[in-house]
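Heads up: the structure comes next, in structure tokens.
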Amino acid sequence: MTDCIFCRILRGEIPAQMVYDGPRAFAILDINPVSWGHTLVIPRDHFETWNELPADLAAELAKAAQVVARGVVKAAGAEGFNLLMNNHRCSGQAIAHAHFHVIPRKTGDEIKYQWKTKPYDPGVIEKVGSEVRAALMK
Ligand code: 5GP
Ligand code: ZN
């Protein structure tokens, strides 16, 4: 048993707007939404990040995220949505219990990522590709 907010919501200790209640995952409205209907899809069991989830639970969470995203898009009358997960504090994860965000989007909604991107210098992408492939083999 953990004291994390999502585990406490699941135990009924903190109120939440539950919108999906499945055998291995549930979904609640985010209390501080980026857009109308912003929803969090959460495994019932406590694991900190995507990488700690057992593969079968990751698959069930992904399936639940698809069911929830379809419903949220319909309810919001959205044109699209962002599906994202922050992993570890450095990425913006505030609650250390893995969860997907489903954020309904419409053209011109003025929601912006703050990420800045830049292309690799010439020849670098091949080296990065080699290093990532090597890490995946280990
Ligand atoms: P993270 O930053 O961990 O990816 O996202 C955590 C999300 O949980 C935030 O968007 C935040 O608004 C939401 N949140 C934090 N506390 C509560 C709460 O008590 N209830 C609900 N429904 N959402 C919460
Ligand atoms: Zn938890």
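As a basis for the values below, the full set of heavy atoms in this structure was taken, side chains included, without hydrogen atoms, waters or symmetry mates. First listed ligand is number 1; within each ligand, the first listed atom is number 1.
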* Structure fact -> Closest to atom 17 (C) of ligand 1 among protein heavy atoms sits Ile31 CG2, 3.7 Å
* Assign the ring pair His99 / Phe6 to parallel, tilted or perpendicular, where the plane angle (0 to 90°) is split at 30° and 60°. => perpendicular
* Would you say ligand 1 has an N or O under 3.5 Å from any N or O of His99? -> yes
* Structure fact -> The atoms of ligand 1 lying under 4.0 Å from a heavy atom of Gly92, numbered in the order shown, are 1 (P), 2 (O)
* Closest non-hydrogen atom pair, Phe81 against Ala69 -> CE1-CB, 3.7 Å
* To do: Please state which part of Ile95 comes within less than 4.0 Å of ligand 1, counting heavy atoms only: side chain, backbone, both or neither.
  => both
* Could you tell me whether some N/O pair between Leu40 and ligand 1 is separated by less than 3.5 angstrom? => no
* Structure fact -> Glu48 and Gln93 have their tightest heavy-atom pair at O-NE2, 2.9 Å
* Side-chain donor/acceptor of Glu52 to backbone N/O of Phe47, under 3.5 Å -> no
* Using a heavy-atom cut-off of under 4.0 Å, does the side chain or the backbone of Ala94 touch ligand 1, or both, or neither? -> both
* Output every pair passing salt bridge (Lys or Arg N to Asp or Glu O under 4.0 Å) with a member in residues 84-99, not counting sequence neighbours, ordered by first then second residue. => none
* Please work out whether any backbone atom (N, CA, C, O) or any side-chain heavy atom from C-beta onward of His101 is under 4.0 Å from ligand 1, and answer side chain, backbone, both or neither. => side chain
* Structure fact -> Looking at His97, the N, O or S atom sitting nearest the Zn ion (ligand 2) is ND1
* **His101 side chain reached by Leu40 side chain, heavy atoms, under 4.5 Å** => yes
* Numbering as shown, the atoms of ligand 1 that approach Asn86 to under 4.0 Å (heavy-atom distance) -> 1 (P), 2 (O), 4 (O)
* **Considering only N, O or S atoms of His46, the one closest to the Zn ion (ligand 2)** => ND1
* For atom 19 (O) of ligand 1, the protein heavy atom that lies nearest, with its residue and separation -> Ile5 CG2, 3.7 Å
* **Nearest non-hydrogen protein atom, atom 22 (N) of ligand 1** => Leu29 O, 2.9 Å
* Does the side chain of Arg24 reach to within under 4.5 Å of the side chain of Leu57, using non-hydrogen atoms? -> yes
* Asked: Can you tell me the protein heavy atom closest to atom 12 (O) of ligand 1 and the distance?
  -> Asp30 OD1, 2.5 Å
* Does an N or O from Gln93, backbone or side chain, lie closer than 3.5 Å to an N or O of ligand 1? -> no
* To do: Answer yes or no: are there more than 12 heavy-atom neighbours, outside Gln17 itself, under 6.0 Å from its atom CD?
  => no
* Asked: Is the closest heavy-atom distance from Met85 to ligand 1 below 4.0 Å?
  -> no
* What do we get for Ile28 next to ligand 1 when only non-hydrogen atoms under 4.0 Å count, side chain, backbone, both or neither? -> side chain
* Does Thr49 offer a backbone N or O that forms a donor-acceptor pair with the side chain of His97 under 3.5 Å? -> no
* Asked: Does a side-chain heavy-atom distance below 4.5 Å link Asp109 with Ser35?
  -> no
